[in-house]
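Naming convention: chains lettered A, B, ... in sequence-line order (proteins, then strands); numbering from 1 in each chain. Keep in mind that this is a model prediction, so the values were computed, not measured.
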Amino acid sequence: MAQKPSIPKGTRDFTPEQVAKRNYIFNTIQTQFELYGFQPIETPSFENSDTLMGKYGEEGDRLIFKILNSGDYLNKVDDKLYQTKNSNAITSKISEKALRYDLTVPFARYVVQHQNEIEFPFKRYQMQPVWRADRPQKGRFREFYQCDADVVGSTSLWQEVEFVQLYDAVFKALKLEGVTIKINNRKILSGIAEVIGASDKLIDFTVALDKLDKIGEQKVKEEMLEKGISQEGIDKLKPLFTLSGDFNSQVEQLKGILNSSEEGKKGIEELEFIDKAISELGLQTVNLQLDVTLARGLNYYTGAIYEVSAPENVQMGSIGGGGRYDDLTGIFGMKNVSGVGISFGLDRIYLVLEELNLFPEAVAKNIDLLFINFGETEALFCLKAIKQLRLNNINSELYPDAAKMKKQMNHANKRNIPFVVLVGGEEMKSDSYTLKNMVSGEQEKVSLQDVIAKFK
RNA sequence: GUGGUUGUAGCUCAGUUGGUUAGAGCAUUGGUUUGUGGUACCAAGGGUCGCGGGUUCGAAUCCCGUCUUCCACCCCA
């Protein structure tokens, strides 16, 4: 064999079976998106670099795949700059396009660009691949799909409520039990930072707080100190680390901490609104949980923040996330358009369903009938029958070669084809078809009409 | 981006302190069986030991580089 070909790190090929399973998830999510009134859009796989750069923080910028300019791209770089070997500065000269990193920022660009054609509030969904130059691990790829639903042009908290319901509906439809939706509010985080006198260190503060369940209270405090948050401020956080009880009692404890922060109080109000509505409406399968340490996607979220955790018995990072962003379109020059949205991580949901064995049997489309090929004249006779079957929407095909019976039967087994049809000289004479059940081994001689009636 | 881990036949894996021609199971192909598969038996094909250097009389085995896999950071779906 020649040199084996390969695919880049963090990318995958999908077998027919895998594609069928992935489509099952896509279709399930899509069905719910449409039930909730979202409409599909698509955007290009790559954007102008300045559309993406600077929107995801420093870390994000590093993970964006840049596309080299065409032609003699080094020609544009002046010698002085080239000599500095400053990668960031040179990159902007030799790369003007980049692969999309998520679906939210391209969507914001879309909204601004099409603002005069869009009827607001605009509810769109989008299921497309995104690319990140991350170091791969299990459930972490360089090319993966996101399924996003967002509403722009409405500040109503009913949207937040509906997104919780939408999550619930999708996981119910996927029969995935034990999913937890963690919810928090950026305003609460800002409020706490304000109370402890660390408003200017909001990101450092929340990044450290986010690690609480992973590294523990002591380490979190150390990290905060290290980032320049005062000991006095950290002491004020004490009630935060011991927050306990259900949604309502946690909220009550939070109120104690936040009573001097207007923004923090607003955040609590919003959370209470969502929780009250959800309690009234009820959830089918997911569990809604307040988590004040949740601090994802802070780069643009301004209100509610969601994160979706897989069932506890599966080791997998978050399988979805989302939140409210009041000014995402602002970075593209369109002010005062609030948006809120959620995302499903298709590839991770796939891994979870696979691990829990939750894919329905027969997600793969298969043919019902394989006609055994006995030779030229028989093949033509079979194709006439197959033509009729197909006109009746019955999936069927002829084995292309007059190979040995054993080989053809084996082929049917390997492909899990439930029935084979044998047509030789005898059958042709009497215009009949020997239909063999590949599971039971039983066979019977029937007419074409019988076959159609059986499989239609 | 930092530190570690992995790679032997299509697949899952053996391969001793460096030592002749690198093995097994499954899968594939052919046969026992020229219109009846899954079982059984017989036989065959298939490997630059991830790739590239180095050490050595001699490397799958030791060293370096590189790619890939998975893991912990980082970050995230």
* To do: Measure the distance from NZ on A/K406 to C1' on B/C41 and round it to the nearest whole Å.
  => 11 Å
* With a 3.5 Å cut-off and no angle check, do the side chains of A/Y433 and A/E427 form a donor-acceptor pair? -> no
* Asked: Using a distance-only test with no angle check, is there a side-chain donor-acceptor pair under 3.5 angstrom linking A/S432 and A/S430?
  -> yes
* What integer distance in Å separates A/M405:CE from B/G38:P? -> 13 Å
* **Integer-rounded Å distance: B/C11 P and A/K414 NZ** => 16 Å
* Do the side chain of A/N413 and the base of B/G37 come within less than 3.5 angstrom through a donor-acceptor pair of N or O atoms? -> yes
* Asked: For A/Q126, which of A/T104, A/D148, A/T43, A/D150 qualifies under side-chain hydrogen bond (donor to acceptor under 3.5 Å, both in side chains)?
  -> A/T43
* Interatomic distance at C1', B/U69 relative to B/U56, whole Å -> 31 Å
* Base, sugar-phosphate alone, or nothing: which one does A/G375 contact when heavy atoms must sit under 4.0 Å apart? -> nothing
* B/U36 OP1/OP2 closer than 4.0 Å to side-chain N/O of A/Q408 -> no
* Asked: When we call it a touch if two heavy atoms are under 4.0 Å apart, what does A/E58 touch: a base, just sugar-phosphate, or nothing?
  -> nothing
* Asked: Base, sugar-phosphate, or nothing: which does A/V421 touch, judged by heavy atoms less than 4.0 Å apart?
  -> nothing
* To do: Just name whichever nucleotide pairs with B/A24, Watson-Crick or G-U, keeping both distances under 3.5 Å, else none.
  => B/U12
* To do: Assign A/G320 to base, sugar-phosphate, or nothing according to its heavy-atom contacts below 4.0 angstrom with the strands shown.
  => sugar-phosphate
* Between B/U36 and A/K404, is there an OP1 or OP2 to side-chain N/O distance shorter than 4.0 Å? -> no
* **Pairing nucleotide - B/G47, Watson-Crick or G-U, each distance under 3.5 Å** => none
* Look at the side chain of A/K436 against the base of B/U36 and say whether a donor-acceptor pair falls under 3.5 Å; ignore hydrogens and angles. => yes
* **P spacing across the pair B/G54 / B/U29, given as an integer number of angstrom** => 42 Å
* Asked: Reckon A/K138 touches a base, only the sugar-phosphate, or nothing at all at heavy-atom distances under 4.0 Å?
  -> sugar-phosphate
* Indicate, with a heavy-atom threshold strictly under 4.0 Å, whether A/G60 touches base, sugar-phosphate, or nothing. => nothing
* Asked: In the structure shown, which nucleotide is the Watson-Crick or G-U wobble counterpart of B/G1, with both distances under 3.5 Å?
  -> B/C73
* Paired nucleotide for B/G30 [Watson-Crick or G-U wobble; both distances under 3.5 Å] -> B/C42
* Asked: Under the 3.5 Å rule, do the base of B/C74 and the side chain of A/R140 count as making a donor-acceptor pair?
  -> yes
* Asked: Any N or O donor-acceptor pair linking the side chain of A/Q443 to the base of B/G35 at under 3.5 Å?
  -> no
* Roughly how many Å is it from NZ in A/K407 to P in B/U28, rounded to a whole number? -> 10 Å
* So, do A/F46 and A/F65 have ring centers that fall under 6.0 Å from each other? -> no
* Under 3.5 Å side-chain donor-acceptor pair for A/Q18 and A/R22 -> no
* Answer with base, sugar-phosphate or nothing: what part of the nucleic acid does A/F141 contact at a heavy-atom distance below 4.0 Å? => base
* To do: Answer yes if the side chains of A/Y36 and A/Q165 hold a donor-acceptor pair under 3.5 Å, and no otherwise.
  => no
* Check every strand shown and say whether A/G57 touches a base, only sugar-phosphate, or nothing at a heavy-atom separation below 4.0 Å. => nothing
* To do: Rounded off to whole Å, could you give me the NE2-to-P distance for the A/H411 and B/A27 pair?
  => 18 Å
* For the side chain of A/R135 and the base of B/C76, is some donor closer than 3.5 Å to an acceptor across the two? -> no
